[in-house]
2 protein chains.
Amino acid sequence: MTNIRKTTQVAPLVGQDEHARCKALGRVLDRIGDKWTIMVVGGLSKGPMRFNALLRLIDGVSHRMLTLTLRGLEQDGLVKRTVYPTVPPKVEYELTAVGRSLIEPLSTLSSWAEKHLPAIEAARVTKEEEASAAGG
Amino acid sequence: MTNIRKTTQVAPLVGQDEHARCKALGRVLDRIGDKWTIMVVGGLSKGPMRFNALLRLIDGVSHRMLTLTLRGLEQDGLVKRTVYPTVPPKVEYELTAVGRSLIEPLSTLSSWAEKHLPAIEAARVTKEEEASAAGG
DNA sequence: CAGCATCCCGGGAGATACTG
DNA sequence: CAGTATCTCCCGGGATGCTG
C-alpha cells in the first residue's frame, strides 16, 4: 500500500476496481450509517467519556440504543471500554487508534455536509413543491 | 471557500461547534447511508447511465428500490434525470455538479475503508468468539 | 424499457422494568 | 451508575403485477 499516493483529485472512485471500492464503502456505511454511531464517535472524539455523559450529550438517544451502539463499536475495535470497579460503577469509553483514524475521513465528509447540505435540502423542498403542484 | 485550508490533521471534529458538525454529518449519513445510494453514486461516477444498466450493475438491487433511490437523489439535486421520448423509452441518469462533488469525500472514506475494514471485521469475529466462549 | 401501486415480512428502535 | 431483557410499533425493502 506504499504506492497508494494521492493521485487523483476529482474522481478516485472511477477505475478498474471502482466496484470493489463501492462495496467496501458500503460496508463502512453499514457500520457508521446507523442512527447513532457517528454521534458517539463525535462525542468521543474529544476524549474519554462516561456512559451517562454520552447519554446526555447525544440528544434523543435512548439508554438501550446507546448501549447497543457502544457494543457494536467496541466489537469492531473502534471503541475501548474501561470499567472502574467502584461503587457506583464507572465505565469509560474512548476511541481506539482505529477509531480515531476514522475522524479524519468523517471530517472531510462533514465539511462537504456543511457546504452542500443547504443546497440539497433546498432542492428537496423545491421538488416537493413541484410535485404537489403537479399532483394536487 | 478560498480560506478553507487543510488546517487540522487529526481531530477537526473537535471544537466549539463539534456538535453542530456531527448533526450535519448525521443528516448526510441519513441521506447516503441507506442501502443503495452510494452504489448508485459510484455507478454514476463513471458517467451517465440508463436505468437498466444501473439495475444490472448494482448487484442485488430491486427494480423498485433503484427507482426510489434515484428519485431521492434527483429530489436532492444530486442526480439529473433525462428522458428521451423514444420507443421504447430511454432514461439516463447522471450526477449533477453537487453529486460529483460528493465523490471526493466519499473517496476519502473509501480509502479508509480499504485500509481498516480487514482489522475491523477481524476484531468483530474475535469478539464474537470471545462472547460465545464466555456465554456458552 | 421505465415507473408506480399493493401486499407483506423482518428488523430497527423506543418504552419499560428488572439486576448488580 | 451501567447493563440486560421483553414487548411493541413502525417502516425499509423485497416480490409481484399493471401502465404507458
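A, B, ... follow the sequence lines: proteins, then strands. Residue 1 opens every chain.
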What are the two closest heavy atoms between B/I32 and B/I38, and how far apart are they? O-CG2, 3.7 Å

Okay, side chain of A/T69, backbone of A/M65: is any donor-acceptor separation there less than 3.5 Å? yes

List the atom of B/A113, the atom of A/A24, and the distance in Å for their closest heavy-atom pair. CB-O, 3.9 Å

Residues of residues 53-76 of chain A with any non-hydrogen atom less than 4.0 angstrom from an atom of DNA chain C: list those, numerically ordered, please. A/S62, A/R64, A/M65

Are A/V125 and B/V28 co-members of a hydrophobic cluster defined by side-chain heavy atoms under 4.5 Å apart? no

Give the cluster check for A/F51 versus A/Y84: same hydrophobic cluster or not, with ILVMFWY residues linked at side-chain heavy-atom distances below 4.5 Å. no

For B/L109 versus A/P105, what's the shortest heavy-atom pair and its separation? CD1-CB, 3.7 Å

Going 5' to 3' along DNA chain C, which are the first and last nucleotides with any atom under 4.0 Å from a heavy atom of chain A? C/dA13 to C/dG20

Closest contact, heavy atoms only, B/R21 versus A/S111: NH2-OG, 3.1 Å

Fill in the dot-bracket string of DNA chain C, one character per base: . for unpaired, | for a pair to another strand, ( ) or [ ] for pairs within the strand, taking Watson-Crick or G-U pairs under 3.5 Å. ||||||||||||||||||||

Can you name the nearest heavy-atom pair linking B/M49 to B/L54, along with the distance? SD-CD2, 3.5 Å

I'd like to check B/L95 versus B/V79 (side-chain heavy atoms, cut-off strictly below 4.5 Å). Are they in contact? yes

Looking at A/G99, is its backbone amide N or carbonyl O close enough to the side chain of A/T96 to form a donor-acceptor pair, meaning the two atoms are under 3.5 Å apart? yes

In whole angstroms, how far is the P atom of D/dC10 from the NZ atom of A/K35? 14 Å

At 4.0 Å (heavy atoms only), tell me whether B/Y84 reaches a base, stays on the sugar-phosphate, or touches nothing. nothing

